[in-house]
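One structure below.
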Amino acid sequence: PFSIFDAEGDRLEIVYKVVGRGTEALAAARVDAEVHALGPLGRGFPVSVRGTALLVGGGYGSAPLHLLARRLLAAGVAAERIEVFIGGRTAGDLVAADRFPALGLRTFLATNDGGIGEKGFVTVPLDAEIARLQAAGAPFELFACGPDPMLRAVAGRAVAAQAPGWISMDRHMVCGVGACYACIQRTVRGNERCCVDGPVFAAADLVWE
Ligand code: FES
């Protein structure tokens, strides 16, 4: 349940949810406590895009998209070519939604209960934007992080549109270095480990159960 939200110089910001002993201990850590971390591990999002980057986050999955957005901007991608779509069940599930407009990015929100943004899944505003870009003949790439049903929906759209899609799979990891096989993901190449081969996979390579 960890997302790297931001990184600058010697500072690292992590967004996490308290779900067990480890995250409880982290939440209880005092200021200036020493913690040990191993990383960076695995393969992240590409920091380049052809056309418009559509960043799609569900719940806590929006957190790492913030760092991706900042990296794309730093790489020279214009703010007008990065659009953000964030969905969740309720307004309280939308993480860091205010941080994307603060970067100058068009940000679309959707909630299942309609409490904020569009009512329904994040694919509602996403589909409208994909249709607009396709009608204009404008290339785009999809970048997604969030719960599996959302990732599957986004990957399907990327494949259908023949657009590159970059999907960050959210699997429980134990060792983080490829030794335990706790984090298997089926791909067109066979079973791969999210911690070393991912967590970001090309949408066209993923095989869904
Ligand atoms: Fe152990 Fe991926 S977490 S192999």
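All of these numbers come straight from a predicted model, not from anything done at the bench. Order of appearance sets the numbers: ligands from 1, and atoms from 1 within every ligand. The residues of the chain are indexed from 1 along the displayed sequence.
- For atom 2 (Fe) of ligand 1, the nearest protein heavy atom (residue, atom name, distance) is C183 SG, 2.2 Å.
- Comparing G178, G176, A179 against atom 3 (S) of ligand 1, the shortest heavy-atom distance belongs to G176.
- Heavy-atom minimum distance, M173 versus C194: CE-CB, 3.8 Å.
- The C195 neighbourhood of ligand 1 comprises atoms 2 (Fe), 3 (S), 4 (S), with distances under 4.0 Å to a heavy atom of that residue.
- In summary, the atoms of ligand 1 found under 4.0 Å from a heavy atom of V174, numbered by their order in the structure, are 3 (S).
- Annotation: atom 4 (S) of ligand 1 to nearest protein heavy atom, Y181 N, 3.1 Å.
- A salt bridge is defined here as a Lys NZ or Arg NE, NH1 or NH2 lying under 4.0 Å from an Asp or Glu carboxylate O, and R71 with D6 fails to meet this definition.
- Look at C180 and atom 1 (Fe) of ligand 1: an N/O/S atom of the residue is under 2.8 Å from the metal.
- Using a 4.0 Å cut-off between a side-chain N of Lys or Arg and a carboxylate O of Asp or Glu, R106 and E80 do not qualify as a salt bridge.
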task = Go through the steps to decide whether V56 and L126 satisfy the test side-chain contact (heavy atoms from CB on, under 4.5 Å), and finish with yes or no.
result = CA-CA 8 Å; V56 191; L126 178 65; 4.0 Å; yes
message = Pair I82, L68 - check side-chain contact (heavy atoms from CB on, under 4.5 Å), show working.
response = CA-CA 10 Å; I82 305 172; L68 172 63; over 6 Å; no
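- With hydrogens and angles disregarded, a donor-acceptor distance shorter than 3.5 Å links the side chain of D197 to the backbone of R193.
- Proximity of C194 to ligand 1, defined as any heavy-atom pair under 4.0 Å, is not found for any part of the residue.
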